[in-house]
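Here is the structure we will look at.
Just so you know, residue 1 is the first one in the sequence shown, and it goes up from there.
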Amino acid sequence: MAQRKLGDNLRYSAAYEESERSQSTAWYRVAASQGDTEAQRQLGDAYRFGLGVAPDMSQAIAWYQKAASNGDSKAREALKKLKPQDQALGLP
C-alpha cells in the first residue's frame, strides 16, 4: 500500500508534471506487482490515458481485468465503459 500511496502523492500533487507522471506510474507498477488492486486499476488508467506511459489499450485492459478479478468494482466499471473495438484489443 505504501508504494501506491507514493504513486498517489505524485499523481495528485499540485505541481503535477510529466516527470511525476512516470514516477507515479512506476510506483503503481511496484504496488500492482505485489497484488495491490487499486494500483492495478491505476495502471489501467495510466495505460488508457497515457499517464506516464505511452497509451496502450491492450495493457489498460489487462490491468483493469486483473483489478476486476481481484474485486475492484471501479475496474469493472472502467471495462464496461470501453468501446467494443477497444475491448477487442485485450480480450482473448
Side-chain angles (χ1 to χ4, degrees):
M1 182 168 61
Q3 291 99 350
R4 179 176 36 86
K5 290 294 184 184
L6 282 169
D8 287 345
N9 287 339
L10 288 166
R11 183 174 183 184
Y12 299 112
S13 71
Y16 190 55
E17 296 179 13
E18 186 60 38
S19 63
E20 278 120 7
R21 286 182 185 145
S22 60
Q23 289 177 22
S24 70
T25 301
W27 282 112
Y28 288 141
R29 187 179 315 286
V30 171
S33 69
Q34 295 175 8
D36 187 302
T37 302
E38 287 182 48
Q40 293 167 349
R41 177 178 30 84
Q42 293 287 10
L43 269 181
D45 287 345
Y47 280 106
R48 182 177 179 187
F49 300 110
L51 304 172
V53 293
D56 184 331
M57 193 55 67
S58 62
Q59 280 292 312
I61 291 169
W63 283 109
Y64 284 147
Q65 287 176 332
K66 188 170 197 93
S69 71
N70 288 323
D72 190 295
S73 61
K74 291 180 182 178
R76 281 193 294 274
E77 288 302 313
L79 285 167
K80 287 179 187 178
K81 290 179 183 178
L82 295 176
K83 298 175 206 163
Q85 64 269 24
D86 293 338
Q87 291 177 1
L89 293 172
L91 300 175

Heavy-atom closest pair, residues [X] and [Y]:
{"X": "N70", "Y": "Q40", "result": "ND2-OE1, 3.0 Å"}
{"X": "A46", "Y": "T25", "result": "CB-OG1, 3.9 Å"}
{"X": "A39", "Y": "A31", "result": "CB-CB, 3.6 Å"}

Exercise. Please determine which of D56, D45, L43 meets the side-chain contact (heavy atoms from CB on, under 4.5 Å) test together with W63.
Key: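 Option passing the side-chain contact (heavy atoms from CB on, under 4.5 Å) with W63: L43.
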Exercise. Output all residues satisfying side chain to side chain donor-acceptor pair (under 3.5 Å) with R48, sequence neighbours left out; order by chain, then residue number.
Key: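 With neighbours one apart ignored, the set is empty.
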Quiz item: Can E77 and K80 be counted as an ion pair, charged N to O under 4.0 angstrom?
Solution: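 Yes, E77 and K80 are salt-bridged.
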Exercise. Please list all pairs passing the salt bridge (Lys or Arg N to Asp or Glu O under 4.0 Å) test where one or both residues lie in residues 62-73, with sequence neighbours left out.
Key: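 Residue pairs passing salt bridge (Lys or Arg N to Asp or Glu O under 4.0 Å), neighbours aside: R41-D72.
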Self-check item: From Y64 atom OH to Q59 atom CD, the distance as rounded to the nearest 0.5 Å
Solution: 12.5 Å
Quiz item: In Å, rounded to the nearest 0.5 Å, how long is the span from OH of Y28 to CG of D36?
Solution: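 Y28 atom OH to D36 atom CG measures 10.0 Å (nearest 0.5 Å).
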Self-check item: All side chain to side chain contact (heavy atoms under 4.5 Å, CB included) counterparts of A68, not counting sequence neighbours
Solution: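 Listed in chain order: A75, R76, L79.
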